[in-house]
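Quantities reported herein were computed from a predicted structural model and do not represent experimental measurements.
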Amino acid sequence: ERGLDDALVQTGARGGDVVFLDPRSGELLALASRQAAGGAAPRASTFTDPFEPGSTAKLFTAAALLMRKRVDSTDAVFGEGGVWHMPVTRSGRTRRITDTHASRGNLTLAQAIQVSSNIAMAKFSSRLTPEEQYETLRDFGFGTPTGAEFPSESRGRLARPDRWQPMYTRASTAMGYEFGVTPVQLAAAYGAIANDGVLLWPTLVREVRSPSGEVLYRHRPEPVRRVVTPEVAARLRDFLRGAVGQGGTGGGAQLANYTVLGKTGTAIRFENGRYVPGSYTASFAA
């Protein structure tokens, strides 16, 4: 909580959330939520407030591609020099997609994650159908409550694929837009990657004891489903290692005594029916 307070002061953010989850047990070890003074009443926004995850979601598109063998380690797409006018209609209408870290060459899937290329992920996503993208996101637990013991937990936002604009939404989803996740959902999904591809039910309750100290209930890990194979989970962890390594977008997250595998995310905020340039949700999942 002190660290979160310091971060809000340093960044001038309106609020923030922190979730620590044990990926081997599903136990939610610590949660903290803060909203800026003068706003609504304090709430446990780790459970209740969905946000567009931005580039932290690129890993789930990568998972969908790897599980369906739509890409291998040598496949690459052109980075367009950082600006791409993607065709979205047969009549010639285009959508401008940009990269903060512009690439004038080709990018593999691993490199696209490392430098967080929107252009490369949009191009790779064209190898998937909306149904396949949706199924992967649902398998990772998005669009449904996690089942943790908290009242009024949000299910997030994930439209059914028959409501997608096929070209437009497919690229948006690959970049972490047009769906909403809670911090606990995102932590659980990354926990599945750490847990060799098995998603677990998150829990706030480790055990229940009687007044005399007798253990009446002890939590045991509860698998929800296998989302990806152990081999794919290992490749996704390699992608995360690159994202926080030399040349990656998340190098500042490394700690002195631990090895961090993670992914940064920055999403333009959607407020009052429109995206607001200059207003962002920043995130880091690891």
Side-chain angles (χ1 to χ4, degrees), residues 3 17-32 46-47 51 53-68 73 109-110 112-114 116 121 135-150 153 156 176 179 181-206 219-245 248-265 282-286:
D17 299 286
V18 178
V19 176
F20 280 87
L21 176 142
D22 185 338
R24 303 298 180 191
S25 67
E27 292 180 9
L28 290 161
L29 304 177
L31 302 101
T46 50
F47 287 104
F51 65 100
S55 294
T56 57
K58 286 173 178 168
L59 216 64
F60 309 125
T61 296
L65 289 161
L66 292 173
M67 282 295 290
R68 292 168 177 83
S73 59
L109 184 58
I113 300 292
Q114 180 183 24
S116 204
M121 294 308 298
E135 288 168 5
T136 298
L137 291 172
R138 282 302 301 263
D139 283 349
F140 271 104
F142 301 120
T144 185
T146 66
E149 307 88 346
F150 188 85
E153 181 190 8
F179 70 104
V181 307
T182 66
V184 169
Q185 284 178 326
L186 188 60
Y190 267 67
I193 296 167
N195 194 36
D196 280 339
V198 177
L199 179 70
L200 299 180
W201 290 107
T203 182
L204 288 163
V205 180
R206 173 175 290 170
H219 172 73
R220 295 288 181 266
E222 295 184 57
V224 179
R225 69 182 67 86
R226 173 168 290 285
V227 185
V228 295
T229 64
E231 294 76 18
V232 167
R235 288 195 64 185
L236 295 173
R237 292 195 297 270
D238 284 339
F239 292 170
L240 293 175
R241 186 176 287 107
V244 293
T249 59
Q254 287 296 352
L255 303 174
N257 300 317
Y258 299 89
T259 299
V260 174
L261 311 181
K263 183 74 188 74
T264 55
S283 55
F284 182 69

Between [atom1] on residue [X] and [atom2] on residue [Y], distance to nearest 0.5 Å:
{"X": "Arg206", "Y": "Leu29", "atom1": "CZ", "atom2": "CG", "value": "6.5 Å"}
{"X": "Phe239", "Y": "Leu66", "atom1": "CZ", "atom2": "CG", "value": "5.0 Å"}
{"X": "Asp238", "Y": "Leu240", "atom1": "CG", "atom2": "CG", "value": "9.0 Å"}
{"X": "Thr203", "Y": "Asp22", "atom1": "OG1", "atom2": "CG", "value": "11.5 Å"}
{"X": "Asp196", "Y": "Arg24", "atom1": "CG", "atom2": "CZ", "value": "5.5 Å"}
{"X": "Thr56", "Y": "Leu186", "atom1": "OG1", "atom2": "CG", "value": "4.5 Å"}

Taking all non-hydrogen atoms of both residues, which atom of [X] and which atom of [Y] are closest, and how far apart?
{"X": "Val232", "Y": "Met67", "value": "CG2-SD, 3.8 Å"}
{"X": "Pro221", "Y": "Leu200", "value": "CB-CD1, 4.4 Å"}
{"X": "Pro223", "Y": "Val198", "value": "CB-CG1, 3.9 Å"}
{"X": "Thr182", "Y": "Phe47", "value": "CG2-O, 3.6 Å"}
{"X": "Leu28", "Y": "Ala148", "value": "CD1-CB, 4.2 Å"}
{"X": "Ala63", "Y": "Val228", "value": "CB-CG1, 4.0 Å"}

Where the side chain of [X] meets the backbone of [Y], is there a donor-acceptor pair that is under 3.5 Å apart?
{"X": "Gln185", "Y": "Phe140", "answer": "no"}
{"X": "Arg225", "Y": "Leu199", "answer": "no"}
{"X": "Glu153", "Y": "Pro145", "answer": "no"}

Inset, instruction - For Leu59 and Lys263, run side chain to side chain contact (heavy atoms under 4.5 Å, CB included): C-alpha distance rounded to whole Å, both residues' side-chain angles, the deciding distance at 0.1 Å, then the answer. - result: CA-CA 8 Å; Leu59 216 64; Lys263 183 74 188 74; 5.8 Å; no

Inset, instruction - Check the pair His219 / Val205 against side chain to side chain contact (heavy atoms under 4.5 Å, CB included), numbers first and verdict last. - result: CA-CA 7 Å; His219 172 73; Val205 180; over 6 Å; no

Inset, instruction - Determine, step by step, whether Val260 and Arg241 satisfy the side chain to side chain contact (heavy atoms under 4.5 Å, CB included) criterion, reporting the C-alpha distance in whole Å, the side-chain angles of both residues, the deciding distance to 0.1 Å, and the verdict. - result: CA-CA 7 Å; Val260 174; Arg241 186 176 287 107; over 6 Å; no

Inset, instruction - Kindly state each residue pair satisfying salt bridge (charged side-chain N to carboxylate O under 4.0 Å, His left out) with at least one member in residues 183-194, sequence neighbours excluded. - result: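 For residues 183-194: none.
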
Inset, instruction - Compare all side-chain heavy atoms of Phe20 with those of Leu31 and state whether any distance is below 4.5 angstrom. - result: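 Phe20 does not reach Leu31 side chain to side chain.
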
Inset, instruction - State, yes or no, whether a side-chain contact exists between Phe60 and Tyr190 at a heavy-atom distance under 4.5 Å. - result: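 A side-chain contact under 4.5 Å exists here.
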
Inset, instruction - Examine the side chains of Thr249 and Ser116 and answer whether a donor and an acceptor come within less than 3.5 Å of each other. - result: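 No, no side-chain donor-acceptor contact under 3.5 Å.
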
Inset, instruction - Evaluate the criterion side chain to side chain contact (heavy atoms under 4.5 Å, CB included) for residue pair Met121 and Ile113; output intermediate values, then yes/no. - result: CA-CA 8 Å; Met121 294 308 298; Ile113 300 292; 4.1 Å; yes

